[in-house]
Each structure stands twice: as structure tokens, then as C-alpha cells.
Number of protein chains: 2
Amino acid sequence: MSLAHVRIADIAQHDGQTVTLAGWLYNLRKSGKICFPILRDGSGIIQCVAVKANLPEETFEALKNLTQESSVKITGKVRAEQRATGGFELDVESCEILQRVPEETPYPITPKDHGIDFLMDHRHLWLRSRRQFAIGKVRHEVIKATRDYFDENGFTLVDCPIFTPAACEGTTTLFEVDYFEDEKVYLTQSGQLYNEANAMAFGKVYCFGPTFRAEKSKTRRHLTEFWMVEPEMAYATLEDVKELAEGLVCFIVQRVLANRRTELAILERDVSKLEAITGPFPRISYDEAVKILQRKGSEIEWGSDFGGTDETLLAEEFDRPVLVEKYPAQVKAFYFQPDSERPELALGVDMLAPEGYGEIIGGGQRIHDYDLLLKRIEEHHLPKEAFDWYLDLRRFGSVPHAGFGMGIERCVAWMCGLEHIRETIAYPRMLYRTRP
Amino acid sequence: MSLAHVRIADIAQHDGQTVTLAGWLYNLRKSGKICFPILRDGSGIIQCVAVKANLPEETFEALKNLTQESSVKITGKVRAEQRATGGFELDVESCEILQRVPEETPYPITPKDHGIDFLMDHRHLWLRSRRQFAIGKVRHEVIKATRDYFDENGFTLVDCPIFTPAACEGTTTLFEVDYFEDEKVYLTQSGQLYNEANAMAFGKVYCFGPTFRAEKSKTRRHLTEFWMVEPEMAYATLEDVKELAEGLVCFIVQRVLANRRTELAILERDVSKLEAITGPFPRISYDEAVKILQRKGSEIEWGSDFGGTDETLLAEEFDRPVLVEKYPAQVKAFYFQPDSERPELALGVDMLAPEGYGEIIGGGQRIHDYDLLLKRIEEHHLPKEAFDWYLDLRRFGSVPHAGFGMGIERCVAWMCGLEHIRETIAYPRMLYRTRP
């Protein structure tokens, strides 16, 4: 399917030809008898060259006085130009202005610095800026790489429901929805329990959709609505999860490096940091992690979960992601399989990204024994009826199984080298941000 | 990444070798001194052959008495067998039963007929059945094809928010969510308005996620939670939308035919009906559609929208999808661009699938003129403040743009030849169905 105009991304195929580009004025440089409209069209950016002597006066004047983000079609000849970004320029022959942004009501986002609230209020426009554009492209790449990785490795995509009936692990961080006639449902926090059922049907599955946490946290790592990919495998153990997680992250990094160099450059990302991400990743136990942290001055005691600062301290020790495994059962959810040698440990694993990006993956092996799972449900004071279907998976052909979840936004933030997760999604939802 | 056992789907690579398969007992045939456990592992199904004379007595007895859906690893020699489904059988050498389903509490879904409510109550297990498995695989294929189509055609994936602030077109079919401290948000019904902003940043975009409609309908075509893909293109018109929609549907059909013949056979799908789906699709105007319907005895009057029955009547006329375009503006949403020659018509287009599957795609060209859009917002008594950001897209570099939405479940139902949409998603959510 092809539109009538040429995309800037395809400009190299048209060297020497006269083409029409359709886009928006990104920037404009001028000097007397020549002006340089810089056009963006969503596929790329190109500098056009308008020479007064070669153009009807009204065309030159129109271009010279064009305002930022006005929509314009420019026809001209493609010319290779080594010094230009992208390697080409366009010698303007004519132009058609679709909508000129008036001087009185100019495009609100100018090259000067704006505050984050102002930019977020104008998120629908801010996405047009070069930096946000680059982040969006990297996000696309991360998601595509993630899906390709699972598709190419025999996983079946089985989408899990967003509306979930029971409150799995307490309702405090769940968003409640009024369903019909007095019914309440909750927005999913994870597809895992459903994934476990799906893995018994399809062997290896993944779900990939939005998840929701009603956390009142205002950290740079939290959104109330975020996307998560969750694979789950039947006949699999903690070891398989570690291998799968490492493979996924390496695959994503390679794809981003292969296809998004331009965007990483725009973001001024230190790519050497990403190039260092190759397997095998270091693997340490929770026990070892606690010792490292204590040695580094943390006040953490064995038995506590890591906070964001602990994660950062730990990750600092390594130049690539580190896998931390076998946590005290008390800090993990009810469904974790206990370690056979030390049953006080849960067969869980987290992957901490380097450069302070913290946990990007969390997972582990699930309990497959009916009696043990029932005991845990009771110990956690969870309503047994709500988990009856989940217990069914241990009644009918139970097998060891394992999986994990990876937050897409945290992964994108890491790839892009962003300080705050809010720029990794087009319309971030946070405690005080639900618009536009 | 590889698990320790061989997947049935890969069995052809192991002809003549001794391998271990890990799965569940799907069915069992036996006759005295030989028994045939049929094993499924989520990648495929294979018949195993256990000969009493060749096995330790306890192994043979264990297999002979194995219960449906017990989990079992079977080791044996792979043997090509033309008559077998999949072309191979496994001559059993040993087995390890992980969990035997007890006779007293057997697997609830037996080969006999069960009512739909019973099956839906056991959806977490029902997915293991051959038919549901096949549907799941086709769904995976449809989704992968859809994403590949857009990715390969220069579209950028930009996920739109699930939490939306304003009630766009009345709140009656919106699900309301309690956000923090007295704030209300709504679950998205469509990413379109956001897509329009994204198209101005990325040129060609798509979003693909769950959408929600609080409709109290109990038809075989409705879910309260369903997945929708929505492309949007800047510098595009109704014509471009028709071309894109046709291209997408042909691409999906070809992929399903190329990769999912086995599953279509399980579903007893008449593939000749799908093989007939090639472009160009017939294109008719709303005017013509009304005439056809009236000729066929419908009581529809010019100016009304089509009902499900009308759609079926219309689609019956064609052996492939039909594009119906240029509807009366009054039956379409406020944002449709009017036809320049007959402004009472909206530049909208719907694609109706053949065989009674009804509308699978709806889209069109959006208003790009600021004044006209504002007028429409006022005429529809919509709150202008809520649309201020949307109006911004017409203030700052407005261009003609167009897009559509395709419901994934309807498309899957059509591919699979299903009567009801409820089987096209793992955990359907309907008026009276929110569990498991």
C-alpha cells in the first residue's frame, strides 16, 4: 500500500529525481536569498534548499515565512549531500502549504526549554519532537523484538483477560471497575495465573498487554498503566526461566543496536553500555546479594525485600544485567515453588538492569503440588473459592512450570538511557496524570 | 532456548531416534496386549504404541490405566508412519507419570457433549481440547500477520492509553474506573483520537490493544472486552483506507492459509471459502447498499444505519468482503470528513465479511478543518474542553488523515468459521461472564 508522496525514509531510492514530500516544518534557517526549510514527515527529517533566484517570488516568500509545524508539501529534486543528516537534501521547485500555523497562535513547543508539566499537558504535540520520536521508535523496536523472540521460539500468544474477577493478592493496588448491575471486577495486574492454565494447553505461551497498578507511588519507575510481556512454560524450572530471560534481553539489545542507531544517537545514548550486554549474565543468590549490599553499607537484613536503592547498589557491581535468585519465601507471592534443599527459599529470580534501571524482569517456578498450593492459599488468607480454577491446574495433569514478566517501559527506559519512565509511553498514566 | 524434552512439533527431526516427550494424556485406545496412549504437549499430538511384550509389566499397566489429562513423560523411538496424524508414531520404551488424575475425580471435560456454560466455567481446562487449541493457534496467526503487515509497511506501533479522561461519545457504553481520590476515568473504546495525534508525529501509526464496551447486548458478535487494531495515516484519504484495509485482510487470509491448514482442518473449515478471498474486493456506496437491501425485502430506509441482519443480507451478495462507503453523516461519529460533493455523506467505510460475519472493519477520513470540527463538537453537544487537545491537531499543521479499526475476534471467528465470537479469545468477557 503506498501513499501518493515519497517518504523521507525512502529518499535514497529517489536520488536525482523530482519528488513530492508531505510533512511539517520542523525548523527553518534563512539567509537573504536562500532559505532551508527542515521538513519532518514521521519517517525522517530532511533539509530542503529554497533559492530565491530559482523560485517564483511567492513560493520563496511563503517558505521563508513559514511557521513551525505548519503542514506543507514540498516538491523538489533529491540531491545526495554527504554533510546532510540522512545523506540527502531537496532542492525546492514548488510547495503547497496545507495549513499555516498563524504567528498569533504559534506552535506551543518551541526549541526553548519547557517544564515537564507543560510538555506532558501537550503530550499530543510533544510526540512530534525529535527526542520523543526517537523514544517511540525504540519502543516499537523493543516490542517487535520481544514478540519475534517468543514467536520464533515456539511460544503461542494467548492474551489474558484485563477484567479479572477475584482480588488475587489484596485489593489495595487494584483498580476496581463497575461491571453491570452491582458486579465489581478488577483490572489485571498480571496475566500469570491465566498463563499457567494456557501453558498446560499450549506448552509455551506468552501474553502481552497493558497491566494496571493503583500504587500511590510517584517514583521515576512507576506508571499506573504499563505494558508487560509474560511468558510461561510447562515442564520448565527456574533454570529454564533464567535462560529464557537472558536470551530475551540479549535479543532485544541486539535488535535495538542493529536497527535503531540513529535514534540512540539522537538520544545521546552511550551505546558502548548496550554493546557490553552479552550473555552469560552474572547470577547470584539472594544470600550473596545481601552480603554485597551489607558490604556496601546498606542496612538490609536477610529476609527483607530489596528497595529501589538496594537494586541500584547491586546493579552497580555489574556491567550487564544480573540475575538474583532464591529469595526468602516471605517476600515473594504465595505461588512460588520452594527450593527443595532450603524450603524457606522461593525459586524466584529477578533481573536487575545495569546503570540504575532496577528490576526489569521478575519470575520463577510455580508450585505444582496441589496440597502445597492449597496450604499457601490458606496461609495467605486468600479466598479458596476464587482460586478453585487455579487449583484445578494441580488436579489435572500438574507439571513443573515457570515463567516471568518483563515491564516494557522499564526496558525502553534502559535502552534509551532515560531518567524517568514517563517518556517511554505515548500517554503516561500516573498518580496525577490522566490527560490528554 | 531449549527445554530438555523434544516437542511433538519437531518430531520429524528425530526420526529413528529415541526421545522423551513431555505432555498430557489426550486419549487412550487399548486392545489386550497393546495400548495406544495419545499424547499432546501443546505443540502437537502424537500416538504412542505400548506393546506389553516389550515393556516391564508395571510400565504397561501404568500406561494402560492412565487417565485423561494425566501428565506424563514418555520415552520411545520415533517411527515414521504414513497413516498417523502428523506422520509419526512413538514406540514406547519407558514412561514417567508426573501426576495421575484419580478415577474418583476425573478430568471434567470428557469426549461427550457438554453445555456451553459448563465449558465456559471450565475455560481454563477447555483450552486444552483440540478445537480450542486450533482456534488459539489461528488467533495467534491472525495477530502476528496483522502486526507484520503494519510493521512491514512503515507503520510505527504507538500504544494508546487504556485510561481515558473524557467521555468521548456519551458515557452509556463506557466502563468507569475509580482512579485516585474521587477521580473517574474510563476504559478506552478506541485509540483513534490519540492515533490521530500520533499520526502527525510518526506519519503512519497503529495501536493494538484491548478495548472495552459496556454494551448490554448478548449477541454472538459482542464481547465487553475485545482486541482491536487501529491504523491511522497522515496525508491520507478514504481511498487510502480502503486500499490499506483490503491489503490487510488479504495478507491475513494468505498467512492463515499458508500456516494453519492443520488447524483449519481440525475446525472443519471450508478453506475454499478463504481461498476465494483475493482483491480487489467489491466496493459499493451506502446508497447502493440500501437499494440492494430493499430489493431483498429489508425495511431499511435511506438514512438509517445497518443492523446485523442487514449486514448479513448485504454480505450474502458477495463471495468476498465488501466495502460499503459514504454513509449518511447522521449515522456516523462527529469526526468524519464530509464528502465534498454531497456534504450530507460521511467519508466512512465499513468492510463486511462474507458468510454472515458482518462488519470486521470500520473507518474513514477524519475532519481536518478546525472550524468544521468545532462545529461538529458543538452540534453533538460534546464538552469542548475535553476535546481541546484534539482540536490542537487542527490548529498546528492539520492535514487530511484517515484510518480504521479492525476487531480481532470477529476476524478470527471468520477465519475459523465459528458461529459465536466467545471461542475466539481465551477468557471471553460478556454480560454474564467474568470468570474464570
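Sequence lines set the chain letters: A, B, ... in the order given, protein chains first and strands last, and positions in each chain run from 1. Worth knowing before you read on, the calculation uses all heavy atoms, side chains too, and leaves out hydrogens, waters and symmetry mates. Being a predicted model, the structure only gives us computed values, none of them experimental.
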Part of A:I162 within contact of chain B (heavy atom distance under 4.5 Å): both

Distance in Å, A:H368 NE2 paired with A:T237 OG1, rounded so as to fall on 0.5 Å steps: 11.0 Å

Region of A:R123 in contact with chain B, defined by heavy-atom distances below 4.5 Å: neither

Electrostatic pair B:R395:B:D388 at N-O distance under 4.0 angstrom: yes

Heavy-atom contact with chain B under 4.5 Å, split by part of A:L187: side chain

Worked verdict on A:R131 versus A:E263 for salt bridge (charged side-chain N to carboxylate O under 4.0 Å, His left out): CA-CA 8 Å; A:R131 185 180 155 81; A:E263 287 78 8; over 6 Å; no

Side-chain donor or acceptor of B:T188 paired with backbone N/O of B:T211 under 3.5 Å: no

Per-residue contact mode, A:R433 against chain B (heavy atom under 4.5 angstrom): backbone

Salt-bridge criterion met for B:D159 and A:R139 (N-O under 4.0 Å): yes

Choice from A:E69, A:R147, A:K144, A:E141 maximising heavy atom contacts with chain B below 4.5 Å: A:R147

Heavy-atom proximity to chain B below 4.5 Å, by part of A:E215: backbone

Contact class of A:I143 relative to chain B, heavy atoms under 4.5 angstrom: side chain

Residue among A:Y370, A:W227, A:F396 with most heavy-atom pairs under 4.5 Å to chain B: A:F396

Side-chain heavy atoms of B:T67 within contact of B:R100, under 4.5 Å: yes

Residue part contacting chain B, namely of A:E181, when any heavy atom lies under 4.5 Å: side chain

Selection from A:Y107, A:Y432, A:F202 maximising heavy-atom pairs under 4.5 Å formed with chain B: A:F202

Segment of A:C160 engaging chain B (4.5 angstrom heavy-atom cut-off): backbone

Any A:T224 side-chain heavy atom under 4.5 Å of A:R213 side chain: no

Winner by heavy-atom pair count (cut-off under 4.5 Å) against chain A, out of B:A426, B:A199, B:P108: B:P108

Which portion of B:W126 sits near chain A, non-hydrogen atoms under 4.5 angstrom: neither

Derivation of the side-chain contact (heavy atoms from CB on, under 4.5 Å) call for A:T156 and A:F150: CA-CA 8 Å; A:T156 301; A:F150 291 115; over 6 Å; no

Contact origin within A:D178 toward chain B - heavy atom pairs under 4.5 Å: both

Which residues share a ring pair (Phe, Tyr, Trp, His ring centres under 6.0 Å) with B:W389, sequence neighbours left out: A:H124, B:Y194

Structural part of A:R7 lying under 4.5 Å from a heavy atom of chain B: side chain

Winner by heavy-atom pair count (cut-off under 4.5 Å) against chain A, out of B:D41, B:L25, B:L125, B:D148: B:L125

Residue selection (most heavy-atom pairs with chain B, distance under 4.5 Å) from A:G247, A:S129, A:G23: A:G23

Heavy-atom pair count under 4.5 Å with chain A, highest-scoring of B:V158, B:L98, B:D121: B:L98

Selection from B:G203, B:S70, B:P436 maximising heavy-atom pairs under 4.5 Å formed with chain A: B:P436

B:F180/A:F175 under side-chain contact (heavy atoms from CB on, under 4.5 Å): CA gap, chis, key distance, verdict: CA-CA 9 Å; B:F180 303 99; A:F175 285 109; 4.0 Å; yes

Main-chain N/O of B:D369 paired to B:S398 side chain as donor or acceptor, under 3.5 Å: no

Best-contacting candidate, B:S43, B:A197, B:P428, against chain A by heavy atom pairs under 4.5 angstrom: B:A197

Pairs of heavy atoms under 4.5 Å with chain A: top-ranked of B:V205, B:N198, B:L393: B:N198

For B:E183, all residues meeting side-chain contact (heavy atoms from CB on, under 4.5 Å), sequence neighbours excluded: A:T434, B:Y179, B:V185

Between A:P210, A:A22, A:A214, the one whose heavy-atom pairs under 4.5 Å with chain B are most numerous: A:A22

Side chain A:Q68, main chain A:P106, donor-acceptor under 3.5 Å: no

